[in-house]
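Read through the structure below, which is laid out as structure tokens, and then see the notes.
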Amino acid sequence: MTKTNPSFYRIVLVLLSALHFTLLGGCATREKLTVADVPEQIVLTTQVSYKSKAFSGMKWEYIALPGIYDAERKDDGGVYFYGNGRSIVEIGELYGNVPRLKVGGIYVPHDKSLPVQMIFAFENKPTTTNDLNQYIQDRTITTTLTPQLRPGIGAGANIVGNVAAGVLVSAMLQAGEGEITRVTIKDQDVSNIIRTFRGPKIAKVGVEPSKAP
């Protein structure tokens, strides 16, 4: 009986997962989108989780962390709400279920019959954490003390940058740096929950609404 090299299966899984991401992703980048002109925000008091399965059968989980997501960009179909720092978490079996911390937020279509999406920028060198609970705690403290936390800057000492293993993976990741990856939330209940937290942007204490940044 002929034995198949285990690495063959890994290559197949990588290719299937790449197809999964290709179908999820888009070609736009954050900078190329039109700036939103209505001061709105989504305030999540708790994390929102959505789980899906790729064609390969591998399981994925996407989490929007607690915090304020400001309406920053828009297109003809809806509004892009971005969180502070790395506000979206991706957990997949392909990467050993190690949480990947993403710069992104939430896309809300104008058409309420369409599902909400979690969005994040594609990165060749993903940032990970070995303790998601600690990261969430550190991030809460950091973003509270430092509201101007820049996108892409994470909080907590347990965050590390790493390159996906394998020449094949690296080759596939060369294209698309910064492009928006979209994860459609097909669970209508989750989409509806996110929509309920959308509202006018709250002015900072001591700042008139018309002068709020």
So Glu93 and Lys59, salt bridge (charged side-chain N to carboxylate O under 4.0 Å, His left out) or not? Walk me through it.
CA-CA 6 Å; Glu93 290 181 327; Lys59 297 177 181 178; 5.4 Å; no
Work out which heavy atom in His110 is nearest to a heavy atom in Asp76; give both atom names and the distance.
CD2-O, 3.4 Å
Option among Val48, Leu44, Val79 that satisfies the side chain to side chain contact (heavy atoms under 4.5 Å, CB included) test with Ile106
Leu44
All heavy atoms of Gly178 vs all of Ala121, minimum pair found to be O-CB, 4.1 Å
Heavy-atom distance under 4.5 Å between the side chains of Lys32 and Thr29, does that happen here?
yes
Can you tell if the side chain of Lys102 reaches within under 4.5 Å of the side chain of Ser87, non-hydrogen atoms only?
no
Is the shortest distance from a Lys or Arg side-chain nitrogen in Asp187 or Lys51 to a carboxylate oxygen in the other one below 4.0 Å?
no
Do Asp138 and Gln134 get their side chains close enough for a donor-acceptor pair, meaning under 3.5 Å?
yes
What are the two closest heavy atoms between Pro109 and Val116, and how far apart are they?
CD-CA, 4.1 Å
Pair Arg30 + Glu72: basic N to acidic O under 4.0 Å:
yes
Within the 4.5 Å heavy-atom criterion, are Thr128 and Leu101 side-chain neighbours or not?
no
Does Ile119 reach the side chain of Tyr80, with side-chain heavy atoms less than 4.5 Å apart?
yes
Could you tell me which non-hydrogen atom of Val89 sits nearest to which non-hydrogen atom of Ile91, and how far apart they are?
CG1-CG1, 4.0 Å
Do Lys53 and Trp60 make a side-chain contact, defined as non-hydrogen atoms from C-beta onward lying under 4.5 Å apart?
no
Side chain to side chain donor-acceptor pair (under 3.5 Å) for Thr129 and Asp131? Distances and angles first, verdict last.
CA-CA 5 Å; Thr129 177; Asp131 189 339; over 6 Å; no
Evaluate Thr34 against Arg73 for side-chain contact (heavy atoms from CB on, under 4.5 Å), listing each step before the verdict.
CA-CA 5 Å; Thr34 303; Arg73 305 283 170 168; over 6 Å; no
Answer yes or no: is there a donor N or O on one side and an acceptor on the other, between the side chain of Ser191 and the main chain of Pro115, under 3.5 Å?
no
Is there a chain of hydrophobic side chains (I, L, V, M, F, W, Y, each step under 4.5 Å between heavy atoms) that links Phe81 to Ile68?
no
What's the shortest heavy-atom distance between Pro66 and Gln47, and which atoms?
CG-N, 3.5 Å
So do the side chains of Lys112 and Arg195 get within less than 4.5 Å of each other, counting heavy atoms only?
yes
Is the Tyr62 to Tyr50 ring centre distance short of 6.0 Å?
no
Under 3.5 Å, is there a donor-acceptor pair between the Asn84 and Tyr69 side chains?
no
Just verifying a value: how many Å separate Ile136 CD1 and Asn133 CG, rounded to the nearest 0.5 Å?
5.5 Å
Give a yes or no on whether a salt bridge exists between Lys201 and Glu40, defined as a side-chain N under 4.0 angstrom from a carboxylate O.
no
Rounded to the nearest 0.5 Å, what's the gap from NZ on Lys186 to OG on Ser52? Could you check?
8.0 Å
Determine whether Asn192 and Gln188 satisfy the following criterion, side chain to side chain donor-acceptor pair (under 3.5 Å), listing intermediate values before the conclusion.
CA-CA 6 Å; Asn192 290 339; Gln188 191 61 43; 3.0 Å; yes
Count I, L, V, M, F, W, Y as connected when their side-chain heavy atoms are under 4.5 Å apart, and connections chain through other members. Are Ile193 and Val183 then in the same cluster?
yes
In this structure, CZ of Phe197 is separated from CD of Gln41 (nearest 0.5 Å) by 13.0 Å
First locate atom CG of Leu132, then atom CZ of Arg100, and finally report the distance between them rounded to the nearest 0.5 Å.
14.5 Å
Checking Arg182 against Tyr107: charged group under 6.0 Å from the ring centre and within 45 degrees of the axis?
yes
Side chains of Ile63 and Ile88: closer than 4.5 Å at any heavy-atom pair?
no
Which heavy-atom pair separates Arg86 from Tyr135 by the least distance, and what is that distance?
O-OH, 2.7 Å
Is there side-chain contact between Tyr82 and Phe120, with at least one heavy-atom pair below 4.5 Å?
no
